[in-house]
Protein chains: 2
Amino acid sequence: MYLKDISNVPDAKTTPVECLLGLLSLGPLTGYQMRQLMQESTANFWRESYGRIYPALQQMQKAGLVEVEALKTSDPRAKGPKARKVYRMTAAGEARLHTWLGVPPRRQGNRNELLLKLFFGDRTKPEVLRAQVQAWQQSYIEDAQRYEEKLVHLEKTCAGEPGLPFWRMTLGYGLQEAIMVVNWCAAILEELQAIGNKN
Amino acid sequence: MYLKDISNVPDAKTTPVECLLGLLSLGPLTGYQMRQLMQESTANFWRESYGRIYPALQQMQKAGLVEVEALKTSDPRAKGPKARKVYRMTAAGEARLHTWLGVPPRRQGNRNELLLKLFFGDRTKPEVLRAQVQAWQQSYIEDAQRYEEKLVHLEKTCAGEPGLPFWRMTLGYGLQEAIMVVNWCAAILEELQAIGNKN
DNA sequence: TAGCACATGTAATAAGTTACATGATTTT
DNA sequence: AAAATCATGTAACTTATTACATGTGCTA
């Protein structure tokens, strides 16, 4: 398999590389652990699958952005083709992360299936849409609750950590977004009710 | 032994097909016009490129969801390999659109580069982040203004259209989201200021 | 010893964009 | 006559997920 050379990429594009480097700035990790960490922390705004993580890690090692920590030779996990690999960021990796943090982020064109259906809403009955909006709203109500719990948990478990204020900011975003969606849904439900009553 | 679920649930996956059918419910259109319409209306929550639209249209014709309107033979655009094709929805297409509208929409895992950078924010200087959040906020301020203008324009140009209430709803979502982001950014800018002052 | 969590990796496929090639029609 | 816009289409490429294959280590 041919591995693309990623050592000299001045490019603004965000690849799995930057997120993995960011996680490694917290300490040495295996690919598996990075995935787990993402699920717990960045899942709401950034995810990577194993199918992207492992190849990326190999490329990063080739490019000198990370290195594999030596395990004691007595550790049986250090041997074989399925050996456990604990990655550590190199100075080059740290530089790359720092550079990336300075590049202005680009907005992503997101898709929203509910809005698409709503846009063509006059092709169906208001009750059909109401059910969908209601389910959508419920999903975000649960989100909002989860975010609130997470915020409380974060303050308890991460007090004093330098990352805390930043983790709080990203959780806050999720919470504000969820609240906004819940309120918007409430307004839509009323409007759909009114449309339904007219017919 | 577990049995595979073979219940005939209509495919929940949203392809270019549904959006194109939705647009065709407004009247016969060329592929080019559908793209243009999307840019003006659904761009904020749904986009398709020509590279997806034209192949999809061919498949839809094959599947009997759309048909090509006959142009008068005197029209020179009706001939040749680059002939203009005006698509019209068939009854099968209308049925497919209607079915799809009844399938609960699924949430999409969106990515947000600003949040990812902010998450690793303690690896750089608060001023660097402030500049980025400021630019982000400005971008959404402009969005909000555009949405407000669009709402006014919509009421003027689409009065009486059956789709109007639904188009208003999707515009309203965009506006609410933009407002939420602007306010969140304002709070983040203050926090970053405070962090910067401590150092 | 069975089952689960940990762990690495590849191949197939799906999803989506971009660049290019072509040509007609309309406007300046 | 040039330029812009309308119009269709394909090929190459990038991006990302999913399913699969494989195996280790811990614990009930």
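Quantities reported herein were computed from a predicted structural model and do not represent experimental measurements. Each chain gets a letter, A, B and so on, in the order its sequence line appears, and its residues count up from 1.
- Look at A/E155 and A/R168 and you find a salt bridge, because one of the NZ, NE, NH1 or NH2 atoms lies within 4.0 Å of a carboxylate O, short of that distance.
- Here the closest heavy-atom approach between residue B/L57 and residue B/G31 is recorded as CD2-CA, 3.7 Å.
- Rounded to a whole Å, the CD atom of B/Q33 is 9 Å from the P atom of D/dC6.
- Looking at the side chain of A/R52, the nearest of the listed nucleotides C/dT18, D/dT17, D/dG9 is D/dT17.
- The separation between B/M60 atom CE and D/dG9 atom C1' is 17 Å, rounded to whole Å.
- Sorted by residue number, the list of members of residues 21-31 of chain B with any non-hydrogen atom under 4.0 Å from DNA chain C is empty.
- Remark: C1' of C/dT10 and CD of A/Q59 are 14 Å apart, rounded to the nearest angstrom.
- Listed nucleotides D/dT10, D/dT17, D/dT8 differ in distance to B/P55; the shortest reach to its side chain belongs to D/dT10.
- Between B/R111 and B/G51, the one whose closest nucleotide on DNA chain D sits nearer the 5' end is B/G51.
- If you find the closest nucleotide of DNA chain D to B/Q58 and to A/E48, the one lying nearer the 5' end belongs to B/Q58.
- Salt bridge B/E48/A/R111: present, at least one basic N to carboxylate O contact under 4.0 Å.
- Residues B/V128 and B/L118 are members of separate hydrophobic clusters, defined by side-chain heavy-atom contacts under 4.5 angstrom among Ile, Leu, Val, Met, Phe, Trp and Tyr.
- The phosphate of D/dT8 has OP1 or OP2 within less than 4.0 Å of a side-chain N or O from B/Y54.
- The two residues B/M169 and A/I195 come nearest to each other via the heavy atoms CE-CD1, 4.0 Å.
- Taking side-chain N and O atoms only, A/Q36 has a distance below 4.0 Å to OP1 or OP2 of C/dC6.
- A salt bridge does not link A/E69 with A/K85: every distance from a Lys NZ or Arg NE/NH1/NH2 to an Asp or Glu carboxylate oxygen is 4.0 Å or more.
- Atom pair B/R35:CZ and D/dG9:P shows a separation of 16 Å (rounding to whole Å applied).
- The OH-P distance, from B/Y32 to C/dT26, rounds to 13 Å in whole Å.
- To the nearest angstrom, P of C/dA7 lies 13 Å from CG of A/L57.
- Within 6.0 Å of the CD atom in A/Q39, the count of heavy atoms belonging to other residues, nucleotides or ligands exceeds 12.
- Between the C1' atom of D/dT18 and the CZ atom of A/R47 lies a distance of 16 Å, rounded to the nearest Å.
- Between the OH atom of B/Y50 and the P atom of D/dC13 there is a distance of 24 Å, given to the nearest Å.
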